[in-house]
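For reference, the structure is listed below as structure tokens.
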There are 2 protein chains.
Amino acid sequence: MENQVSFKEVKACPERYVLAISDTLNVLTGKWKLPIIGTLFYNKKRFEEIKNNIPRITPGILSKELRELETNGIIKRVVPDSVPVAAEYELTDSGRNLKEVLDRMLQWGIQHRDWVNASI
Amino acid sequence: MENQVSFKEVKACPERYVLAISDTLNVLTGKWKLPIIGTLFYNKKRFEEIKNNIPRITPGILSKELRELETNGIIKRVVPDSVPVAAEYELTDSGRNLKEVLDRMLQWGIQHRDWVNASI
DNA sequence: AGCTGTGCTATACTTTTGTATACCTTGGTA
DNA sequence: TACCAAGGTATACAAAAGTATAGCACAGCT
């Protein structure tokens, strides 16, 4: 209910509107964030697993992107002790909530492609 | 109904899934596309109007961004003849459909911000 | 003919983003 | 003890995105 209020409030203010959307855009843009989030939707994974899942990503980039996604609260890094040393990465609640956003984007993407093709 | 089919199809294929979302992401990213689309939601506008609506944008950028948005089928450039020379830019149907995507992104952005603040 | 406003384009530059390559540490394993 | 795999970091470099500055074409007005 609180959200409903601030949702309307923000929509009434162009600057806050653009800002809130930019927040969302920023956690998704760049070449690698989407593939990383996408692969973690299925289940949590370890560094090497993610690396092997995403063609051509180097450890340097992956390391940097994971750190960014972590500080943005999209994923969390879990190190179960006892085990040799096996860091695991998984989506946070908020990260999982991106699914609805991505589904909308997917829908628009397909629809737009159809629309463009139809109007040639 | 056709859409429902391809929607499911695409969701089943990770590569096409990422691709369709990237399509959407690409029309939104960069520093200026969102403000431009945002300002055109209210109504169609001319070059100078857009420029005056968006602080610090230079004609060079605006020109480039408008051309990109046009080739991507998000806006259309209309030159009503008879008038001296007054180009007008307005959203296409597909451009207007972005509203639903942006609303979802807005919602997530606000929600995520609340969530982050709550967990400090 | 000269000045003004609209609607741009061109060029060179800076900043940000992405990439390649090499290397380090920690705990097994032979 | 030497070597290997997992999980990274560091450094230098290349490519893409963004910016500043200048200027041009056309129409209308005086």
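As the structure is a prediction and not an experimental result, all values here were calculated from the model. Quick note on labels: first sequence line is chain A, next is B, and so on, each numbered from 1.
Pairs of residues two or more places apart, or lying in two chains, that qualify as salt bridge (Lys or Arg N to Asp or Glu O under 4.0 Å) and include a residue from residues 10-28 of chain A are Glu9(A)-Arg16(A), Lys11(A)-Asp103(B), Asp23(A)-Arg113(B). Screening residues 87-96 of chain B for salt bridge (Lys or Arg N to Asp or Glu O under 4.0 Å) gives Lys44(B)-Glu88(B), Asp93(B)-Arg96(B) as the qualifying pairs, with residues at least two apart or on separate chains. Residue pairs meeting the salt bridge (Lys or Arg N to Asp or Glu O under 4.0 Å) criterion with at least one member in residues 57-68 of chain A, sequence neighbours excluded: Lys33(A)-Glu65(A), Lys33(A)-Glu68(A).
Summarising the hydrophobic clusters (Ile, Leu, Val, Met, Phe, Trp, Tyr; side-chain heavy atoms under 4.5 Å, direct or chained), the residues clustered with Leu19(A) are none. With side-chain heavy atoms closer than 4.5 Å counting as contact, directly or through intermediates, the hydrophobic cluster containing Val116(A) also holds Trp115(A). Grouped with Tyr42(B) in a hydrophobic cluster is no other residue, since no side-chain heavy-atom contact under 4.5 Å to another Ile, Leu, Val, Met, Phe, Trp or Tyr is found.
Nearest nucleotide to the side chain of Glu48(B), out of dT19(C), dG7(C), dA20(D): dG7(C).
Regarding Ile57(B), its CD1 atom lies at a distance of 13 Å from the P atom of dT9(C), rounded to whole Å. Distance, Tyr89(B) OH to dC8(C) P: 3 Å, rounded to whole Å. Between the P atom of dG7(D) and the CD atom of Glu88(A) lies a distance of 9 Å, rounded to the nearest Å. Counting to the nearest Å, the C1' atom of dT6(C) and the CG atom of Asn52(B) are 11 Å from each other.
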Got a list of protein N/O to nucleotides 12-15 of chain C N/O distances below 3.5 Å?
none

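Leu28(A) is listed as a side-chain neighbour of Ile37(A), based on a closest heavy-atom distance under 4.5 Å. Inter-residue side-chain proximity for Phe41(B) and Leu102(B) is flagged as met; some heavy-atom pair is nearer than 4.5 Å.
Closest approach of Arg46(B) to Ala87(B), counting heavy atoms only: CG-O, 3.2 Å.
Contacts between residues 17-35 of chain A and DNA chain C, counted as heavy-atom distances below 4.0 Å, involve Gly30(A), Lys31(A), Trp32(A). Within residues 65-78 of chain B, the residues having any heavy atom closer than 4.0 Å to DNA chain C are, in order of number, Arg67(B), Arg77(B).
Legend: residues meeting salt bridge (Lys or Arg N to Asp or Glu O under 4.0 Å) with Glu48(A), ordered by chain and number and at least two apart, are Lys51(A). For Thr92(A), there are no side chain to side chain donor-acceptor pair (under 3.5 Å) partners, not counting sequence neighbours.
Comparing Pro59(B) and Lys64(B) by the nucleotide of DNA chain D whose heavy atom lies nearest to each, the residue mapping closer to the 5' end is Lys64(B).
Overall, the helix from dA1(C)-dT30(D) to dA30(C)-dT1(D) carries an axis bend of 20° between its ends, with five pairs at each end and the value rounded to 10°.
At least one side-chain nitrogen or oxygen of Arg46(B) sits closer than 4.0 Å to the OP1 or OP2 atom of dG7(C).
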